[in-house]
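Here is the structure we will look at.
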Amino acid sequence: MKYVDEFRDGKLARKLSKAIAQEADDNRTYNLMEFCGGHTHAIFRYGVQDLMPENVKFVHGPGCPVCVLPIGRIDNAIALVEDNDAILCTYGDMMRVPASGRKSLLKAKAAGADVRMVYSTQDALKLAREFPDKEVIFFAIGFETTTPPTAVAIKQAQAQGLKNFTVFCNHVLTPAAIQHILQSPEVREMGAVSIDGFFGPSHVSSVIGTEPYEFFAEEFQRPVVIAGFEPLDVMQSALMLISQLNEGRSEVENEYTRVVTREGNLKAQALVAEVFELRREFEWRGLGMVPYSALSIKEEFAEFDAEVRFSVPKIVAYDVKGCECPSILRGVKKPTDCKLFGTVCTPENPMGSCMVSSEGACAAYWSYGRFRQPDVKGGKVIKIEKEAA
């Protein structure tokens, strides 16, 4: 695939590495947070950190919508399918995320609940048409990227007169979460997390554009660069962030111009605005209650809202004892700081969402980065010398 290969070119990577080393000021440290798990995986998979000067650090942020969904909402989904003799449809990553009492949707399915993995909202609609005597509930998760397809499904269900299709809505909003991180005590008061700039999300920005980030770039004086997911995208974006910091600028810049515009996808935005409205607050795993950070279904589409049709109580649930997912999602700790990482928590036996999700920080460390970290038990630093792809 020529178009992809161009963004993984080793010679260009080495040139960018030299340019970053020349631009970085030896007398300061640059802490750059990537919000997307896709960026985290690109950094580890292609050894981008090894091509950075020692004083350029990557801080891993919330990652992906599977990682930030609180356990109580997964408990709700399990209850929805078990208590209502329904078909619950969800994306693959959600199936193995641990809920309360070591349950999960996969274990609920093994116990007899009708839980089905789907690849799109259209698959869920198809099930609703095929089983008119069953309630079909779509467990909707995702940032702004997956919200428009859910809106399409609701409108299609209305147009087709489907009476057995509902959506359990858990769509969340990226800019509100970034603002919440910048307002958190760890960043503002305690200094536990130092964040100098952000890699802006890629897929999310293709929908919402770059404009929504302008407020908090100015308000919190942190530069943002919308970055693509390939290794050269990340390196070029790091250079742009470092240049802004050296020049004392806090602006929104767009490295991912081949996909993202300032305005974003106006048609998708209009569709979302037609079907959804802001929730006053919503719980994020690791961040707690975040004001105006999620969407609910508007009253005119209430017949397709699972929270209206069924009983969905607010459940306060706790993470597995010892699991550091909440701190990892805020950038306070790294996966290797968690005592469960690589011991009882592995991709085959995940204890937390960051290990389950294909975009989770723990999964990235496990797949590509665990041998780059200090071996605590032996007090030895193991580092793989790897040339850029």
Side-chain angles (χ1 to χ4, degrees), residues 1-9 12-13 16 20 32-43 45-46 48 58-65 68 141-152 171-179 181-182 195-220 222-245 249-273 276 293 295 358-359:
M1 296 179 66
K2 185 173 181 296
Y3 192 65
V4 171
D5 291 344
E6 293 167 345
F7 294 92
R8 300 175 181 176
D9 184 272
L12 287 177
L16 269 173
I20 291 169
L32 311 177
M33 174 178 268
E34 75 272 5
F35 191 92
C36 273
H39 291 144
T40 307
H41 278 255
I43 289 167
R45 181 177 182 183
Y46 297 102
V48 174
F58 294 119
V59 181
H60 315 303
C64 73
V68 300
I141 66 160
F143 295 133
E144 291 88 338
T145 318
T146 56
T147 309
T150 305
V152 169
H171 287 299
V172 290
L173 304 173
T174 308
I178 295 178
Q179 183 172 333
I181 290 172
L182 288 170
I195 302 174
D196 300 309
F198 282 96
F199 294 97
S202 309
H203 293 156
V204 165
S205 302
S206 69
V207 175
I208 67 174
T210 65
E211 188 175 5
Y213 306 104
E214 294 174 1
F215 164 74
F216 65 81
E218 181 179 352
E219 177 70 17
F220 297 98
R222 300 291 204 287
V224 178
V225 173
I226 311 301
F229 284 128
E230 295 301 324
L232 294 190
D233 287 319
V234 176
M235 294 183 71
Q236 176 63 33
S237 300
L239 178 60
M240 293 165 72
L241 283 170
I242 291 168
S243 297
Q244 280 207 52
L245 290 165
R249 293 187 289 119
S250 298
E251 300 171 3
V252 177
E253 294 183 326
N254 182 15
E255 183 275 338
Y256 201 32
T257 53
R258 61 188 186 276
V259 174
V260 176
T261 63
R262 184 172 185 270
E263 296 77 18
N265 186 330
L266 297 177
K267 186 175 181 179
Q269 293 170 24
L271 186 60
V272 170
F276 297 102
S293 64
L295 299 172
S358 59
E359 293 188 351

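These figures come from a predicted structure and were not determined experimentally.
Shown here are the side-chain contact (heavy atoms from CB on, under 4.5 Å) partners of T147, two or more places apart in sequence or in another chain: H171, V272, F276, L295. S237 is linked by a side chain to side chain donor-acceptor pair (under 3.5 Å) to nothing, counting only residues two or more places apart in sequence or in another chain. Here E144 pairs with T174 under the side chain to side chain donor-acceptor pair (under 3.5 Å) rule; sequence neighbours left out. Residues passing the side chain to side chain donor-acceptor pair (under 3.5 Å) test with Y213, sequence neighbours excluded: S205. When the ring-ring contact (aromatic ring centres under 6.0 Å, His included) test is applied to F35, the partners found at least two apart in sequence or on another chain are F143. Every residue two or more places apart in sequence or in another chain that forms a side-chain contact (heavy atoms from CB on, under 4.5 Å) with R249 is listed here: Q244, E247, E251, E253. Take E218 and apply the salt bridge (charged side-chain N to carboxylate O under 4.0 Å, His left out) test, not counting sequence neighbours, and it matches no residue. Looking at residues two or more places apart in sequence or on another chain, you find a side-chain contact (heavy atoms from CB on, under 4.5 Å) between N265 and K267, A268. Residues passing the side chain to side chain donor-acceptor pair (under 3.5 Å) test with E211, sequence neighbours excluded: none.
Distance CD/Q236 to CG/L12: 10.0 Å, rounded to 0.5 Å.
Using the six-membered ring where Trp is involved, F199 and F58 have ring planes that are tilted, between 30° and 60° apart.
Evaluation of the salt bridge (Lys or Arg N to Asp or Glu O under 4.0 Å) test over residues 226-236, restricted to residues two or more places apart or in two chains, returns R8-E230, D233-R258.
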